[in-house]
Asks: 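Take this structure, written in structure tokens, and hold onto it; I'll ask about it next.
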Amino acid sequence: MRQAKVAVEGVSRNGGNTNRLVTESVGTYAEKNGCFYVRYEETEASGMAGTTTVIKWSLSQVSLIRHGAYDMHQEFAEGNRYAFEYRTPYLSIPMETVTDQVRIRKLGYGWRIRLEYELVCPAAERNRMTTNILVDLR
């Protein structure tokens, strides 16, 4: 395992509203059986303090797994639909991702991942999401 800086930018669009959240964390990076992993602790800035996030990816698919104060497991592969439960300290919400685009690029110093998807929650408007993840191994 080696140290990694992880920068995550999430942009959410629904109706006429756009929200953007950027977080940076330091975690660990590993490779195993053709898959790549980064693990880090969420910060207060993300709103999920007390949660550990693991991002796992291959060259065409990404998994986002959170455990702790907030629990969820999302899968992203182009053209796929994935249902999951988002568990918070207060309630559990059924959700679904419909993935339009997964772009994974190896860089000289790490990885760049871009996800474009629709986040579907039965009790709310659909959100168009773009998530950019930069894993810096320098």
Side-chain angles (χ1 to χ4, degrees):
M1 277 196 210
R2 43 193 290 204
Q3 184 172 299
K5 290 184 213 169
V6 183
V8 179
E9 175 196 40
V11 179
S12 170
R13 295 175 188 85
N14 68 353
N17 298 322
T18 300
N19 294 306
R20 182 175 176 261
L21 177 65
V22 178
T23 61
E24 292 184 7
S25 302
V26 174
T28 57
Y29 169 83
E31 298 178 21
K32 185 177 179 182
N33 299 327
C35 289
F36 310 93
Y37 301 82
V38 69
R39 180 182 185 275
Y40 61 93
E41 299 299 319
E42 292 288 346
T43 64
E44 288 291 333
S46 72
M48 291 185 281
T51 302
T52 300
T53 295
V54 174
I55 303 170
K56 173 187 173 185
W57 68 96
S58 63
L59 297 178
S60 63
Q61 184 171 337
V62 177
S63 299
L64 177 64
I65 305 154
R66 290 194 168 112
H67 294 292
Y70 295 82
D71 284 311
M72 67 181 207
H73 181 145
Q74 288 177 278
E75 294 285 336
F76 302 93
E78 284 189 18
N80 281 6
R81 195 174 198 92
Y82 185 79
F84 64 97
E85 287 282 323
Y86 177 54
R87 288 179 293 285
T88 77
Y90 314 103
L91 60 118
S92 186
I93 306 165
M95 300 182 101
E96 187 174 67
T97 55
V98 181
T99 307
D100 297 318
Q101 187 178 84
V102 174
R103 295 290 177 259
I104 300 167
R105 195 170 83 181
K106 176 96 169 98
L107 307 169
Y109 58 88
W111 294 87
R112 183 177 307 278
I113 300 168
R114 180 179 176 88
L115 306 170
E116 292 185 18
Y117 58 99
E118 190 169 42
L119 185 61
V120 182
C121 176
E125 275 188 60
R126 290 177 174 226
N127 285 313
R128 296 289 315 151
M129 307 292 292
T130 301
T131 301
N132 292 298
I133 303 164
L134 179 63
V135 178
D136 188 334
L137 302 173
R138 293 179 276 189

Asks: Residues in side chain to side chain donor-acceptor pair (under 3.5 Å) with R126, at least two apart?
Replies: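 In terms of side chain to side chain donor-acceptor pair (under 3.5 Å), with neighbours along the sequence ignored, R126 is linked to E118.
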Asks: Scan side-chain atoms only and decide if T51 and R66 contain a donor-acceptor pair under the 3.5 Å cut-off.
Replies: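 Looking only at side-chain atoms, R66 and T51 do not form any donor-acceptor pair under 3.5 Å.
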Asks: How far does CE of M48 sit from CE of M72, to the nearest 0.5 angstrom?
Replies: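 Result: 6.5 Å between the selected atoms.
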Asks: With rounding to the nearest 0.5 angstrom, report the CD to CG distance, E78 to N80.
Replies: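 Separation between the atoms: 9.5 Å.
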Asks: Would E24 and K5 pass as an ion pair if we require N to O under 4.0 Å?
Replies: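 Answer for the salt bridge query: no.
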Asks: Please name all residues satisfying side chain to side chain donor-acceptor pair (under 3.5 Å) with T99, sequence neighbours left out, ordered by chain then number.
Replies: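 None.
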Asks: Are V120 and V62 in one and the same hydrophobic cluster, where Ile, Leu, Val, Met, Phe, Trp and Tyr link if side-chain heavy atoms are under 4.5 Å apart?
Replies: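 No, it is not one cluster - the side chains of V120 and V62 are not joined through contacts under 4.5 Å.
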Asks: From T53 OG1 over to L64 CG, what is the distance, rounded to the nearest 0.5 angstrom?
Replies: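 Separation between the atoms: 6.0 Å.
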Asks: Roughly how far, to the nearest 0.5 Å, is the CG atom of D71 from the OH atom of Y86?
Replies: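 Output value for this atom pair is 10.0 Å.
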Asks: Tell me, with the steps shown, if S92 and E85 meet side-chain hydrogen bond (donor to acceptor under 3.5 Å, both in side chains).
Replies: CA-CA 6 Å; S92 186; E85 287 282 323; 2.6 Å; yes
Asks: Honestly curious: do F36 and L137 fall in one hydrophobic cluster under the side-chain, below-4.5 Å linking rule?
Replies: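 Looking at the clustering, L137 is in the same group as F36.
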Asks: Within this structure, what is the CD1-CD1 distance for the pair I55 and I113, rounded to the nearest 0.5 Å?
Replies: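 Spacing of CD1 (I55) from CD1 (I113) equals 6.0 Å.
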Asks: Write out all pairs satisfying ring-ring contact (aromatic ring centres under 6.0 Å, His included) with one or both partners inside residues 114-138, taking only residues at least two apart or from two chains.
Replies: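 Those involving residues 114-138 are F76-Y117.
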Asks: Is the number of heavy atoms from other residues, nucleotides or ligands under 6.0 Å of E31 CD greater than 12?
Replies: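 Yes.
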Asks: Closer than 4.0 angstrom, basic N to acidic O: yes or no for R103 and E116?
Replies: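 The answer is no: the pair does not qualify as a salt bridge.
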Asks: I'd like to know if V102 and V38 are part of one continuous hydrophobic network [Ile/Leu/Val/Met/Phe/Trp/Tyr, side-chain heavy atoms within less than 4.5 Å].
Replies: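 Yes, it is one cluster - the side chains of V38 and V102 are joined through contacts under 4.5 Å.
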Asks: So, using side-chain contact (heavy atoms from CB on, under 4.5 Å) as the criterion, who are the partners of H73 when residues are at least two apart?
Replies: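 In terms of side-chain contact (heavy atoms from CB on, under 4.5 Å), with neighbours along the sequence ignored, H73 is linked to S63, I65, E75, Y82.
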Asks: A quick test of your reading: do over 12 heavy atoms of other residues, nucleotides or ligands sit less than 6.0 Å from NZ of K32?
Replies: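 Incorrect, the count does not exceed 12.
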Asks: How many angstroms lie between atom OG of S12 and atom CG of N17, to the nearest 0.5 angstrom?
Replies: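 Answer rounded to 0.5 Å: 8.5 Å.
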Asks: Taking Q61 for the side chain and A77 for the main chain, is one N or O donor matched with an acceptor at less than 3.5 Å?
Replies: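 Looks like no, no N/O pair under 3.5 Å.
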Asks: Quick check: are there more than 12 heavy atoms from other residues, nucleotides or ligands sitting under 6.0 Å from CZ of R39?
Replies: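 Count not over threshold, so no.
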Asks: What is the ring orientation for W111 with W57, classed by angle as parallel under 30°, tilted 30 to 60°, or perpendicular over 60°?
Replies: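 Judged by the thresholds at 30° and 60°, the geometry between W111 and W57 is perpendicular.
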Asks: Quick one: does N127's side chain have a donor or acceptor within less than 3.5 Å of a partner on M129's backbone?
Replies: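 Answer holds: no.
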Asks: So do the side chains of V8 and T131 get within less than 4.5 Å of each other, counting heavy atoms only?
Replies: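 Sidechains of T131 and V8: in contact.
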Asks: Residues two or more places apart in sequence or in another chain: which of them pass side-chain contact (heavy atoms from CB on, under 4.5 Å) with A30?
Replies: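 So A30 forms a side-chain contact (heavy atoms from CB on, under 4.5 Å) with M1.
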Asks: Once salt bridge (charged side-chain N to carboxylate O under 4.0 Å, His left out) is applied, what residue pairs with a partner in residues 9-23 remain, sequence neighbours excluded?
Replies: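 Listed by first then second residue: E9-R20.
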